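Each remark here refers to the structure printed beneath this line.
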2 protein chains.
Amino acid sequence: MKAPAELTKNQALVLDALSHAEGPLSAYTILDRLRDDGFRAPLQVYRALEKLQELGLVHRLESINAFVACAHPHDHHQELIAFAICENCGKVDEFSDEMVEERLGRWAKAHDFRPSKTTIEIRGACRTCSSA
Amino acid sequence: MKAPAELTKNQALVLDALSHAEGPLSAYTILDRLRDDGFRAPLQVYRALEKLQELGLVHRLESINAFVACAHPHDHHQELIAFAICENCGKVDEFSDEMVEERLGRWAKAHDFRPSKTTIEIRGACRTCSSA
DNA sequence: ATAAGAATGTTATGATATTACATCAATTGC
DNA sequence: GCAATTGATGTAATATCATAACATTCTTAT
């Protein structure tokens, strides 16, 4: 795997779409937004997303089947990332908590469970939406 | 809402299918297993699942689009539940961790985020599968 | 008995994701 | 050079997951 310095055209387009989006996008929404750039089929989106996720530049939000550009693309050294997703406005906050990571890691070790990917997603109402 | 004492026929059938399954089942797998019991359409499954989830008898695993019978159906007082899902054999472990719950709650409070539903799912290899 | 609310049955459709196969481009080993 | 490999792409078809819309039946409270 080469350094992320060189994304392919499709990968760059998908990342750009996500980066400029107001919130998480579904794969098909991305497809629609890239029609004018030559995208014709879902696979073009899914393949780009796959690579971008490997590079740590994009996250998949499992609970809503959508994707976001990573908010902290600098250090993607495997740390556990949690998401707070506003069900009203779609805004997503990305955060880490060492204690949570430690507790889940402890459980895994105690049960001889070898984690490959961990999902933490909190759905609810963000500050703005819950005060309104 | 009435007490879970009386499930409807469809709800009981779906719960039974999940309870006797070796692991999580997709809605369509449940449908197939209940064909002989008169199930014909996905909605029959989804509607039963919806009620069973409200009653805390069934959980949805967001990361794999599947459903499991709750392992601790006694006390469903809103506590945060985490799942460890073996990607090899499909076995699911359900557990709680007060510290994790407290830390996520603390983050939410600090950010004025009002949580409605929280998902914690660890995918990986269970003891049996990782030792083999 | 009847009105209100749930649950059900059925068809159709929407939304998300992958398989399969052909092609093209860059790199590598000889 | 030039096959051989590898990775990316294009395209069509299909698989998988989930809900909308509508009619009907069952339950229960009054």
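Because the structure is a prediction, the values reported are computed rather than measured. What's counted below: heavy atoms across the whole structure, side chains too, no hydrogens, waters or symmetry copies. Below, chains carry the letters A, B, ... as their sequence lines are ordered, and counting in each starts from 1.
- A:Ile30 places its CD1 atom 11 Å from the P atom of C:dT16, with the value rounded to the nearest Å.
- Counting heavy atoms from C-beta outward, B:Ser63 and B:Arg123 have side chains that approach closer than 4.5 Å.
- Considering only side-chain N and O atoms, B:Lys9 lies nowhere under 4.0 angstrom from the phosphate OP1 or OP2 of C:dT8.
- With rounding to whole Å, A:Asp32 atom CG is found 14 Å from C:dG14 atom P.
- For the pair A:Ser26 and C:dT16, the criterion of a side-chain N or O lying under 4.0 Å from OP1 or OP2 is met.
- Relative to the side chain of A:Arg47, the nucleotides D:dC17, C:dT16, D:dT11 differ in distance, and D:dT11 lies closest.
- In this structure, the CZ atom of A:Phe67 is 16 Å from the P atom of C:dA15, given to the nearest Å.
- Phosphate proximity of C:dA17 to A:Asn65: present, with a side-chain N or O under 4.0 Å from OP1 or OP2.
- A close approach under 4.0 Å does not occur between any side-chain nitrogen or oxygen of B:Thr8 and OP1 or OP2 of C:dA6.
- The base of D:dA15 is not paired with the side chain of B:Tyr28 by any donor and acceptor separated by under 3.5 Å.
- Distances from the side chain of B:Leu43 to the nucleotides D:dA18, D:dA21, D:dT11 place D:dA21 closest.
- In this structure, a donor-acceptor pair under 3.5 Å is present between the side chains of B:Glu87 and A:Ser116.
- For the pair A:Leu7 CG and D:dT9 P, the computed distance is 10 Å after rounding to whole Å.
- The distance from atom OH of A:Tyr46 to atom C1' of D:dT14 is 14 Å, rounded to the nearest whole Å.
- Summarising the geometry, the separation between CG on B:Leu31 and P on D:dT16 is reported as 13 Å, rounded to the nearest angstrom.
- In this model, the phosphate group of D:dG10 is approached by a side-chain N or O of A:Gln44 to a distance below 4.0 Å at OP1 or OP2.
- At whole-Å resolution of the value, CZ in A:Phe39 and C1' in D:dA8 are 12 Å apart.
- The pair B:Glu54-B:Lys51 meets the salt-bridge criterion, with a side-chain N (NZ, NE, NH1 or NH2) lying under 4.0 Å from an Asp/Glu carboxylate O.
- In this structure, A:Asn10 places its CG atom 16 Å from P of C:dC24, rounding to the nearest Å.
- Take the nearest nucleotide of DNA chain C for B:Gln11 and for B:Arg40: the residue whose nucleotide is more 5' is B:Gln11.
- Between B:His111 and A:Phe95, the two ring planes are parallel [angle under 30°; tilted spans 30° to 60°].
- Which of C:dT8, C:dT11, C:dA17 sits closest to the side chain of B:Ala41 comes down to C:dT11.
- In summary, A:Arg35 and A:Asp37 do not engage in a salt bridge, as defined by a charged side-chain N under 4.0 Å from a carboxylate O.
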